[in-house]
Amino acid sequence: MNHKILYKNSQEEVTNLFTYVFTASEGGKEGKLIGNLVSELSSKIDNQKIICFGTYKKDSIIGAIFFTHLLFNKATKIYMLAPVAVATKHQRKGIGQTLINYGLNELKNRSVTIIITYGDPYFYSKLGFQTLSENVIQAPLKLSMPEGWLGQSLTEEIIPAINGRPTCVNEFNNPIYW
Ligand SMILES: CC(C)(COP(=O)(O)OP(=O)(O)OC[C@H]1O[C@@H](n2cnc3c(N)ncnc32)[C@H](O)[C@@H]1OP(=O)(O)O)[C@@H](O)C(=O)NCCC(=O)NCCS
């Protein structure tokens, strides 16, 4: 198994992975929704505002994760982790956690200070994420599940309160994802 940085030329394999995985776990409608999101995100990968890492077994992609920039009024290096998927038949073997930790470490090496995600608090608490109040950091759009708003500092500092609503990358700028 190996990890690598992915670029736009991986759009098709990454889109297929997310479409299959989310169709299997959440049904066809969600599979299509996340597949479309990933198709758009992967067509815009620039390894700066939109970063993607993949896990490969031999030459087959079995996992992928996106990190996208959150823009605040003040200069900060804050990214959002979403979405992430591991091929259905390879789930629950530790591959997802290894991929997420790989991504967090890569971003730490790029001087990113805070990672935010929006998901299952039980799963992400195993990876160092804690519930994040919107009094500390607001979400770009209105959250339908505020308890899923989670954050982690990649430095020694605790997450500071930051004024103002951040801007997410265009691809996430749709209430359907929030
Ligand atoms: C979530 C996901 C990325 C985790 O990857 P993974 O390789 O299966 O996870 P790991 O083996 O590293 O970690 C196992 C933990 O993941 C969680 N998990 C994995 N699959 C799960 C499922 N189907 N339901 C609930 N929790 C699940 C559990 O907390 C599990 O720990 P446990 O077995 O002790 O309960 C993967 O299961 C997946 O792609 N799921 C479908 C898509 C999805 O939900 N993505 C996350 C939201 S963007």
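Residue indices begin at 1 and follow the sequence shown. First listed ligand is number 1; within each ligand, the first listed atom is number 1. Only heavy atoms go into these numbers, but all of them, side chains included; no hydrogens, no water, no symmetry mates.
Below 4.0 Å from some heavy atom of S25 lie the following atoms of ligand 1, by number and element: 41 (C). Heavy-atom proximity to F22, at under 4.0 Å, picks out these atoms of ligand 1: 42 (C), 43 (C), 45 (N), 48 (S). Near Y122, the atoms of ligand 1 lying under 4.0 angstrom from a non-hydrogen atom of the residue are 29 (O), 35 (O). Ligand 1 places these atoms under 4.0 Å from at least one heavy atom of A85: 39 (O). Remark: ligand 1 atoms within the under-4.0 Å shell around heavy atoms of V21 are 39 (O), 41 (C), 42 (C). Distances below 4.0 Å separate heavy atoms of G96 from the following atoms of ligand 1: 5 (O), 6 (P), 7 (O), 12 (O).
With distances taken over non-hydrogen atoms, the option nearest atom 18 (N) of ligand 1 out of H90, Q97, K93, R92 is R92. The option from G31, G94, P83 that lies nearest to atom 10 (P) of ligand 1, judged by heavy atoms, is G94. Summarising the contacts of atom 46 (C) of ligand 1 with I34, V84, N101, the nearest heavy atom is found in V84.
Side-chain contact check for N105 and R110: no donor-acceptor pair (N or O, by modelled atom type) lies under 3.5 Å. Residues E13 and Y56 bring a donor and an acceptor atom of their side chains to less than 3.5 Å of each other. Between the side chains of Q11 and S39, a donor-acceptor pair is found at a separation under 3.5 Å.
Taking the six-membered ring where tryptophan is involved, the planes of W149 and Y118 are perpendicular, since the angle between them exceeds 60° and thus also 30°.
Nearest protein heavy-atom contact of atom 4 (C) of ligand 1 is F123 CZ, 3.6 Å. Among protein heavy atoms, the minimum distance from atom 37 (O) of ligand 1 is reached at Q91 CD, 3.4 Å. For atom 31 (O) of ligand 1, the nearest non-hydrogen atom of the protein is K126 NZ, 2.6 Å. Counting protein heavy atoms only, atom 39 (O) of ligand 1 is closest to V86 N, 2.8 Å.
A cation-pi arrangement is absent between K4 and F53 under the rule of less than 6.0 angstrom and at most 45 degrees off the ring axis.
In this structure, Y79 has its ring center at least 6.0 angstrom away from the ring center of F67.
Within a 6.0 Å sphere centred on CD of E134, heavy atoms belonging to other residues, nucleotides or ligands number more than 12.
With hydrogens and angles ignored, the 3.5 Å screen pairs no side-chain donor or acceptor of E40 with any backbone N or O of E171.
Looking at ligand 1, you won't find any N or O of T98 less than 3.5 Å from one of its N or O atoms.
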